[in-house]
Protein chains: 2
Amino acid sequence: MTPDTHVDAETALDHAGPGHKDDLRLWLRLLSCARLIEAEIRRRLRVRFDTTLPRFDFLAQLERAPDGLTPGDISRRMMVTGGNVTGLAARLEEEGLIERRAVREDRRAVTLRLTPAGRREFARQSAAHEEWVAELLGGLSATDRAALLRLLDRTRRGVRAAISEGGA
Amino acid sequence: MTPDTHVDAETALDHAGPGHKDDLRLWLRLLSCARLIEAEIRRRLRVRFDTTLPRFDFLAQLERAPDGLTPGDISRRMMVTGGNVTGLAARLEEEGLIERRAVREDRRAVTLRLTPAGRREFARQSAAHEEWVAELLGGLSATDRAALLRLLDRTRRGVRAAISEGGA
DNA sequence: CCGAAATCCTTTAGGCTTCAAGGATCATGG
DNA sequence: CCATGATCCTTGAAGCCTAAAGGATTTCGG
């Protein structure tokens, strides 16, 4: 409100160097880019397969694990909470796409695996999904793609480092 | 099912060039990168301010519009549905961070604006948010930042073009 | 052996998000 | 004027997601 406050806010940013504002721009652009693609993929999954991205990701995890996974495994791989997995699994089982099986060695646990119908359905969805992504990213040159891949890898590593430092 | 079908599926991918799989990798990396940052920011907003990203974004929109915005405006700017805005606005109003005001010229509409408390609260959150982003992205060199910004811009334009073509 | 702690999964409450439907108001063409 | 259609916002149903608490089982130290 007062002039002093106003100046302080600005100088605080200036002292922190030019990176502050640039980083915000970079993050907002990264976010909008990811959201744009994600929203389109969600839309197409809904329109063409009457499903959702979490369901698709769930089936993708099981597809890669022929022997099945426990809810805990899926929770860790999808980076979501256990309660979330319980709900998704209930609906997918209800639709006959996955099945539950008791684990002999541990009566607390259960393994989830694709049913034949689930495997078939995921194959259809997966092929379309791959085409969509190629279509959406098709505008980039091979050079740009490679550069972007490398930069994103560096970004991710940097972010992970920052999180584990700060989180310690 | 039949051998022919199987071959067709594979050749279809091959004909599309090596970009298919690469694009998928690129998309997954972009997504994991964005989600990593977003999850950390959501976590900090919750822990330190007991709030959420949608609420923060909502206040940010109002902060930039001193004269207030209608739910429709916010819906468009945040790229979410109107019903979503209704619910967020109800909770933010309940907490005294925003206020509703009738519009004289149009009795269907209403303008939402920050209360003084809302403006104060957002200032706190916004400053912290900016620091967090700088901290998380701080590992990147100036060169990488600039390159990434440019590549993401190209990506976004390409995706938008692909969507508007396909969506026509 | 046995009790405490850890692990596994589920449940519950609450917030976020969408789609679809509905009520109120405005604008327009007849 | 007024009926029709458009626009604005809200509501309702359903799915996604989290944090926190709870029940069942396993593990492990004593």
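Each chain gets a letter, A, B and so on, in the order its sequence line appears, and its residues count up from 1. These numbers come from a predicted model, not from an experiment.
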So how far off straight is the helix from dC1(C)-dG30(D) to dG30(C)-dC1(D), going by the axes through five pairs at either end, to 10°?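 That helix gives 0° between its end axes.
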Using the salt bridge (charged side-chain N to carboxylate O under 4.0 Å, His left out) rule, take Glu95(B) and Arg55(B) through it: C-alpha gap first, then chi angles, then the decisive distance, then the call. CA-CA 11 Å; Glu95(B) 295 173 20; Arg55(B) 276 163 142 97; 2.4 Å; yes
Check salt bridge (Lys or Arg N to Asp or Glu O under 4.0 Å) between Arg100(B) and all other residues, then give those that pass, not counting sequence neighbours.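 Here the qualifying residues are Glu93(B).
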From [atom1] of [X] over to [atom2] of [N], roughly how many Å is that when rounded to an integer?
X	N	atom1	atom2	result
Met79(B)	dC16(C)	CE	C1'	16 Å
Asp57(A)	dC17(D)	CG	C1'	14 Å
Ile74(A)	dC8(C)	CD1	P	14 Å

Are any non-hydrogen side-chain atoms of Pro116(B) and Arg120(B) less than 4.5 angstrom apart?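 Side-chain contact under 4.5 Å: yes.
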Given the rule that I, L, V, M, F, W and Y join up when any side-chain heavy atoms are under 4.5 Å apart, are Leu149(B) and Ile37(A) in one cluster?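 Leu149(B) clusters together with Ile37(A).
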Whether Arg46(A) contacts dT18(C) is assessed here as follows: a side-chain N or O lying under 4.0 Å from the phosphate OP1 or OP2. Is that the case?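 Looking at the OP1 and OP2 atoms of dT18(C), neither is under 4.0 Å from any side-chain N or O of Arg46(A).
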Roughly how far, to the nearest 0.5 Å, is CZ of Arg46(A) from CZ of Arg43(A)?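 Result: 7.5 Å between the selected atoms.
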For the residue pair Arg113(A) and Asp67(A), what are the closest heavy atoms and their distance?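 Taking Arg113(A) first and Asp67(A) second, the nearest heavy atoms are NH2-O, 3.0 Å.
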Tell me whether the centres of the aromatic rings in Phe56(A) and Phe122(A) are closer together than 6.0 Å.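 Ring centroids of Phe56(A) and Phe122(A) are less than 6.0 Å from each other.
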Check: Asp73(A)/Thr70(A) side-chain N/O donor and acceptor closer than 3.5 Å: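 Asp73(A) vs Thr70(A): donor-acceptor pair found between side chains.
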What does the B/S/- profile of nucleotides 5-16 of chain D look like, 5' to 3', with a 4.0 Å heavy-atom cutoff to protein? --BSSBB---SS
